[in-house]
Amino acid sequence: VIYRKSELDCREPFTSFMYVLSAPNLLRVGSSENVFVEAQDYSGAAFDVKIIVKNHPKKDKEILSQSVRLTAANNFQILTDIKIPDDQNYFSDDPLEKQYVYLQAHFPSVTLEKVVLLSFQSGYIFVQTDKPIYTPASKGTIKFTVFMLISVFLKNPQGITVSSDKIFPVRGMKSGRYTIPEMASSGIWKVVTLFSNTPQKKFTADFEVKEYVLPTFEVKLKPSKSFFYVRDESLTVDIESKYLFGQKVDGNAFVVFGVMEDEKKTSIPASLQKVQIIKGEGTAELTNQMITKTFPNINQLVGRSIYVSVSLLTESGKTQQICMQMFTCTCVIV
């Protein structure tokens with residue numbers, strides 16, 4: 001906003017100067033914003049300028065008022081901070097409504113005024129959990145990077161809030177501890193945060209809750225050689241398996257061989273076999289004849305890899321347990 005005044009009636013006739021008010025087109029509520037005022041080409045005595053913010057459109061409430069002094073020492077110009085308070089008594093609660101204020105600069109002989117749009121976005125909240133996956137009844141840490149009072153909600157996959165808190169970070173950083181309930185639902189949980197004065201804007205971080213099931217046994221595959229020559233009659237792979245507590249596994253392994261080139265795998269159906277595992281040991285065999293049933297010209301496989309996949313079905317008395325993991329190993333055809 002610029003106002004030009006002729007000083008025909010002042011101490012320096014036939015001269016003129018301008019009053020200037022400059023501010024952002026959008027002011028953030030609760031945050032510091034710069035306002036610039038100036039008496040351009042003015043050379044008289046020092047004077048005060050009062051900066052006032054009033055409600056819009058009624059203009060019947062003074063939201064903010066502060067004064068600055070323009071002097072020859074600051075060239076009759078000054079950049080000052082204003083901070084519109086986030087008092088909800090001044091503003092509508094409707095997050096979709098555009099809201100404005102009157103920004104005024106009261107110079108000695110004139111008042112400059114502009115209508116400015118408000119933003120209730122106070123900034124951003126950076127939310128981070130200490131790990132992406134938790135188990136029921138486990139404890140976790142949430143870190144926030146903010147500079148204002150925030151509200152924090154922990155929501156389960158059904159969208160139900162299981163805990164809430166209000167936090168005022170010190171120096172912009174705050175870590176919050178939380179506990180996943182013992183009967184927690186598996187799935188994606190959310191940490192939802194928002195500024196207390198602007199609840200319409202939410203910031204979230206996701207994490208997963210699931211039961212942690214240790215594998216009950218491990219399987220090791222040991223091919224008899226690292227290279228399979230096209231004239232070789234067969235390739236054997238020793239299968240070793242034991243429970244995590246050390247006991248050897250009894251059961252049946254379902255084995256299939258195949259050929260792999262880069263990421264592409266082609267199984268050899270004739271190699272599908274059931275191998276009995278006794279006291280943690282068994283042996284699977286791939287023959288040259290099995291290969292040629294799928295690849296009649298075995299020489300075309302030179303440079304490719306042979307892989308073997310094993311799925312294990314364990315036996316414990318009358319109980320059977322299927323290993324849901326597929327174990328693989330490879331050797332190169334030369």
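Quick note: residue numbers are just sequence positions, from 1.
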Identify the heavy atoms of [X] and [Y] that sit nearest to each other, and give their distance.
X: Gly280; Y: Asp250; value: N-OD1, 4.2 Å
X: Ile63; Y: Pro85; value: CG2-CD, 3.7 Å
X: Gly30; Y: Lys83; value: O-CE, 3.0 Å
X: Val37; Y: Ala105; value: CG1-CB, 4.1 Å
X: Asn252; Y: Gln276; value: OD1-CA, 3.8 Å
X: Thr80; Y: Gln66; value: OG1-NE2, 3.5 Å

Would you tabulate the side-chain donor-acceptor contacts of residues 289-300 under 3.5 Å, counting partners in other chains and residues two or more places apart, or write 'none'?
from, atom 1, to, atom 2, distance (Å)
Thr292, OG1, Asn288, O, 3.3
Thr292, OG1, Gln289, O, 3.0
Asn297, OD1, Asn299, N, 3.3

Let me confirm one number: the [atom1]-[atom2] distance from [X] to [Y], rounded to the nearest 0.5 Å.
X: Leu286; Y: Ser271; atom1: CG; atom2: OG; result: 6.0 Å
X: Asp81; Y: Asn34; atom1: CG; atom2: CG; result: 5.0 Å
X: Glu38; Y: Ile78; atom1: CD; atom2: CD1; result: 12.0 Å
X: Glu240; Y: Glu281; atom1: CD; atom2: CD; result: 5.5 Å
X: Leu235; Y: Ser224; atom1: CG; atom2: OG; result: 4.5 Å
X: Lys220; Y: Ser241; atom1: NZ; atom2: OG; result: 10.5 Å

**OP:** Return yes if some donor-acceptor pair links the side-chain N/O of Glu33 with the main-chain N/O of Arg28 below 3.5 Å, else return no.
**Re:**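 Yes: the side chain of Glu33 pairs with the backbone of Arg28.
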Original post:
Counting N and O atoms only, with roles assigned by atom type, does the side chain of Gln104 sit under 3.5 Å from a partner on the main chain of Thr111, one being a donor and the other an acceptor?
Top reply: no
Please determine whether residues [X] and [Y] belong to a single hydrophobic cluster, defined as Ile, Leu, Val, Met, Phe, Trp and Tyr linked transitively by side-chain heavy-atom distances below 4.5 Å.
X: Val101; Y: Ile52; answer: no
X: Val110; Y: Val49; answer: yes
X: Ile51; Y: Phe76; answer: yes
X: Val256; Y: Val310; answer: no

Original post:
Between Thr236 and Thr283, does any side-chain donor sit less than 3.5 Å from a side-chain acceptor?
Top reply: no
Original post:
Between Ser234 and Glu285, do the side chains contain an N or O donor and an N or O acceptor separated by less than 3.5 Å?
Top reply: yes
Hey, are the side chains of [X] and [Y] touching, using non-hydrogen atoms and a 4.5 Å cut-off?
X: Phe17; Y: Gln40; value: no
X: Leu154; Y: Phe207; value: yes
X: Leu103; Y: Ile82; value: yes
X: Ile84; Y: Phe91; value: yes
X: Phe257; Y: Gln273; value: yes
X: Lys155; Y: Thr204; value: no
X: Lys114; Y: Asn25; value: yes
X: Val209; Y: Pro136; value: yes

**OP:** Report the C-alpha distance between Val249 and Leu312 in whole Å, list the side-chain angles of each, state the deciding distance to 0.1 Å, and finish with yes or no for side chain to side chain contact (heavy atoms under 4.5 Å, CB included).
**Re:** CA-CA 10 Å; Val249 173; Leu312 188 57; 4.1 Å; yes
Subject >> Listed once per pair and sorted, the side-chain hydrogen bond (donor to acceptor under 3.5 Å, both in side chains) pairs that draw on residues 45-59, sequence neighbours left out >> reply: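 Listed by first then second residue: Asp48-Arg69, Asn55-Asp60, Lys59-Glu113.
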Subject >> Proximity of Phe47 and Tyr42 rings by center, below 6.0 Å >> reply: yes
Subject >> Those residues that, when tested against Glu208, pass side chain to side chain donor-acceptor pair (under 3.5 Å) (two or more places apart) >> reply: none
**OP:** Could you walk me through whether Ser267 and Tyr307 pass side chain to side chain contact (heavy atoms under 4.5 Å, CB included), step by step?
**Re:** CA-CA 9 Å; Ser267 64; Tyr307 72 88; 3.8 Å; yes
**OP:** Mind checking side chain to side chain contact (heavy atoms under 4.5 Å, CB included) for Asp165 and listing every partner two or more places apart, or none if nothing turns up?
**Re:** Ile167
**OP:** Apply side chain to side chain contact (heavy atoms under 4.5 Å, CB included) to Lys264 and list each qualifying residue two or more places apart in sequence or on a separate chain.
**Re:** Thr266
Original post:
Which is it for Val162 and Trp189 under the side chain to side chain contact (heavy atoms under 4.5 Å, CB included) test, yes or no, and what are the steps along the way?
Top reply: CA-CA 10 Å; Val162 297; Trp189 288 55; 3.6 Å; yes
Original post:
In the hydrophobic clustering (ILVMFWY, side-chain contacts below 4.5 Å, transitive), which residues join Leu117, or is it alone?
Top reply: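 Leu26, Tyr100, Tyr102, Val115, listed by chain and number.
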**OP:** Give the intermediate values and the outcome of side chain to side chain contact (heavy atoms under 4.5 Å, CB included) for residues Phe107 and Leu70.
**Re:** CA-CA 10 Å; Phe107 290 87; Leu70 301 186; 4.2 Å; yes
Original post:
Does a sphere of radius 6.0 Å around CD in Gln158 hold more than 12 heavy atoms from other residues, nucleotides or ligands, not counting ones at 6.0 Å or beyond?
Top reply: yes
